[in-house]
2 protein chains.
Amino acid sequence: MEPAPPAPSGRPRVAVLVADDRPPGMDGIERLADVRYVREPDLAPALKDADVLFMWDFWSEALAGAWPDGGGPGWVHIASAGVDRLLFPALVEGRTAVTNSRGIFDEPIAEYVLGLVHCFAKDLHTTLRLQAERRWRHRETERVAGARALVVGTGPIGRAIGRRLAAAGMRVGGVGRTARPGDPDLGDVLPMDGLHGALAGADYVVLAAPLTGATRGMIDAAALARMRPTGRLINVGRGPLVVEDDLVAALRAGTIAGAALDVFVDEPLPAPSPLWDLPGVIVSPHMSGDVAGWRDDLVRLFADNLDRHRHGRPLRNVVDKRLGYVRAPDPSDPSDPQRDDQRGQR
Amino acid sequence: MEPAPPAPSGRPRVAVLVADDRPPGMDGIERLADVRYVREPDLAPALKDADVLFMWDFWSEALAGAWPDGGGPGWVHIASAGVDRLLFPALVEGRTAVTNSRGIFDEPIAEYVLGLVHCFAKDLHTTLRLQAERRWRHRETERVAGARALVVGTGPIGRAIGRRLAAAGMRVGGVGRTARPGDPDLGDVLPMDGLHGALAGADYVVLAAPLTGATRGMIDAAALARMRPTGRLINVGRGPLVVEDDLVAALRAGTIAGAALDVFVDEPLPAPSPLWDLPGVIVSPHMSGDVAGWRDDLVRLFADNLDRHRHGRPLRNVVDKRLGYVRAPDPSDPSDPQRDDQRGQR
């Protein structure tokens, strides 16, 4: 575990990177810290004298260009689970601690995935299309119970998905960095080099992995060719986990039956993308984890970490900057603050 | 429990009422019985010398008009769970045993309902509409876990729904003919006269009751007025449980937030019905229980009952013709064949 950054003397200076909206409910934080809200053009000067950067605008890719040569704030917190857009070499190699919003999105995303599975199994997307045409056309549907799901990614989001799908009677397996037979949430977890073999047995392949050098482009033509013609791909991780051109080709060729995509290489998904209207494809605007109240939850998580920071206690959700995500908590270490956030953040 | 009809001597004569399609996999039955496939116009003469009528065309309402004056076959089996279209006074009062296909649809319908709940909570219907317009519009969604569902109907379909929704983390209550606090599948079950009070506390009201004199029109303007403005109505029972004009008015007035309807007063739903394109309404063509293989399952159930009939053993799924559905099994009676079909028919 990385050491906590040194506690600042007095009131910490917090820069908050915002785009359209400020975070809600910041009054508690403003009482304890000097808070400055900045937009991308003002980020560079703000970083020079900030102790903490709160990346409320988690979509921004401006940090690399604005980072001071001598190193920026001692701590950067981002209001998302993924840190792929955030990291750059000077940040990875420097002394700055990076924390993320792991935990907020787990259960909402798991529900979203369960909804997508039911949408496919019950052919709801066809029903809604026929409804728009006032057409009554009876069809047979599929069972959800007994269907096989392969969850790629063994972090807290993947685990919540595994639990939720298993509770619906699905047979769940996993793929992660390391093999783990008999995992309580994901059944038998295969290592990444077992991915291709596992794809062949899955009715639903669910991507919930972080975007790293090891996972980028993992679902390419070769992987898609291993899936069943009746299989569906669900991506709630990051767009570049999938080679989109290969996916379009596989959908057109009938190599797989469908895909539900909440994330894309380019977001918003450009209007000319063929993914918008390929049969069997469900396109949603990167919203799988965003339940009402999510913004408040994100601020609460940051406030808790800021409190830890002020008192020199270990931060939660410290990202392993070389791996690109928060390492799994060590259950044998009672002082590991990552232990707290495995479950029940909301 | 009603007595089994007398076993016929030799091969029973089975009339099968069909419309477009014959039932699949009838060869086993044809080896043991004299099977005659008839359409509605030939139903009356066929009934005169049939021992058994298999209503494969469960949509038909022709039986009342075709029924012989002196009483028809000793046993009528219908390939549906509901018997509302089937029953008529001479059948109810006569000695003919009526059995239904209870059990086949329980788990598929429960999954369908869970899918509809997720569709509402995750705003999937809006997502699909926006997708058709290639529009990327981020929205906040709702949690499923913790939401409150009221299941109306405590038969095996309602029970399967209750179990499935509870497994997804919802808080489940029920309404049935008789009060049953602490029911294992449905939580606290209120009697029918508690319906209006219970509606006010539900985020989702799920109708899974049989259509009888006691349930017809139960969801009328007065009932809808008790629901929450954020509440959704899901009907997988029978269309006339709901007063459709009242529902349309409630949806237009914002009295409730939405409805997912799989059944209607008139089926197919007529093209001019305003239900087709009211916002927040999902129209599906009476398909909630019809998973691939359902036709085979229906024939297997009939074959099992025909085997019981041939050997003079008690039939399964004997309908209480005055109540209009199969009474709950008596768990204290090991000879009650209804005990078999509470769970796991498929």
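The figures here come from the full heavy-atom set of this structure, side chains too, leaving out hydrogens, waters and symmetry mates. Letters A, B, ... are given to chains in the order of the sequence lines, protein chains preceding strands, and every chain is numbered from 1.
The interface of residues 265-273 of chain A with chain B, defined by heavy-atom distances below 4.5 Å, comprises A/Glu267, A/Pro268, A/Leu269, A/Ala271, A/Pro272, A/Ser273.
With a 4.5 Å cut-off on non-hydrogen atoms, B/Phe120 does not touch chain A at all. Only the side chain of A/Leu128 has a heavy atom closer than 4.5 Å to any heavy atom of chain B. The contact between A/Gln131 and chain B is made by backbone and side chain atoms together, counting heavy-atom distances below 4.5 Å. Using a 4.5 Å cut-off between heavy atoms, A/Ala145 touches chain B through backbone and side chain atoms alike. When heavy atoms are compared at a cutoff of 4.5 Å, A/Arg164 approaches chain B solely by way of its side chain, counted from C-beta outward. Neither the backbone nor the side chain of B/Ala110 comes within contact range of chain A; no heavy atom of the residue lies under 4.5 Å from a heavy atom of that chain. Only the side chain of B/Arg295 comes within contact range of chain A, with at least one heavy atom under 4.5 Å from a heavy atom of that chain.
Of the residues considered (B/Asp123, B/Val117, B/Val144), B/Val144 shows the highest number of contacts with chain A, using heavy-atom pairs under 4.5 Å. Of the listed residues (A/Gly169, A/Gly289, A/Ala168, A/Ser288), the one with the most heavy-atom contacts under 4.5 Å to chain B is A/Ala168. For the set A/Gly115, A/Ala167, A/Ala132, the count of heavy-atom pairs under 4.5 angstrom toward chain B peaks at A/Gly115.
Counting only residues at least two apart or on different chains, the salt bridge (charged side-chain N to carboxylate O under 4.0 Å, His left out) pairs with a member in residues 108-122 of chain B are A/Glu111-B/Lys122, A/Lys122-B/Glu111, A/Arg143-B/Glu111.
Across A/Trp276 and B/Trp136, no two heavy atoms sit closer than the pair CH2-N, 3.9 Å. In this structure, A/Glu140 and B/Val291 approach most closely via the heavy-atom pair CB-C, 4.4 Å.
Between A/His138 and B/Trp294, the ring planes are tilted. Angles from 30° to 60° get that label.
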Trace of the side chain to side chain contact (heavy atoms under 4.5 Å, CB included) decision for A/Leu130 with B/Val283: CA-CA 9 Å; A/Leu130 291 167; B/Val283 168; over 6 Å; no

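No side-chain heavy atom of B/Pro285 sits less than 4.5 Å from a side-chain heavy atom of A/Arg135. Contact annotation: the side chain of B/Arg134 approaches that of A/Asp277 to within less than 4.5 Å [non-hydrogen atoms, C-beta and beyond].
Taking CG of A/Leu124 as the start and NE2 of B/His125 as the end, the distance is 11.0 Å to the nearest 0.5 Å. To the nearest 0.5 Å, atoms OG1 (B/Thr141) and CE (A/Met287) are separated by 5.5 Å.
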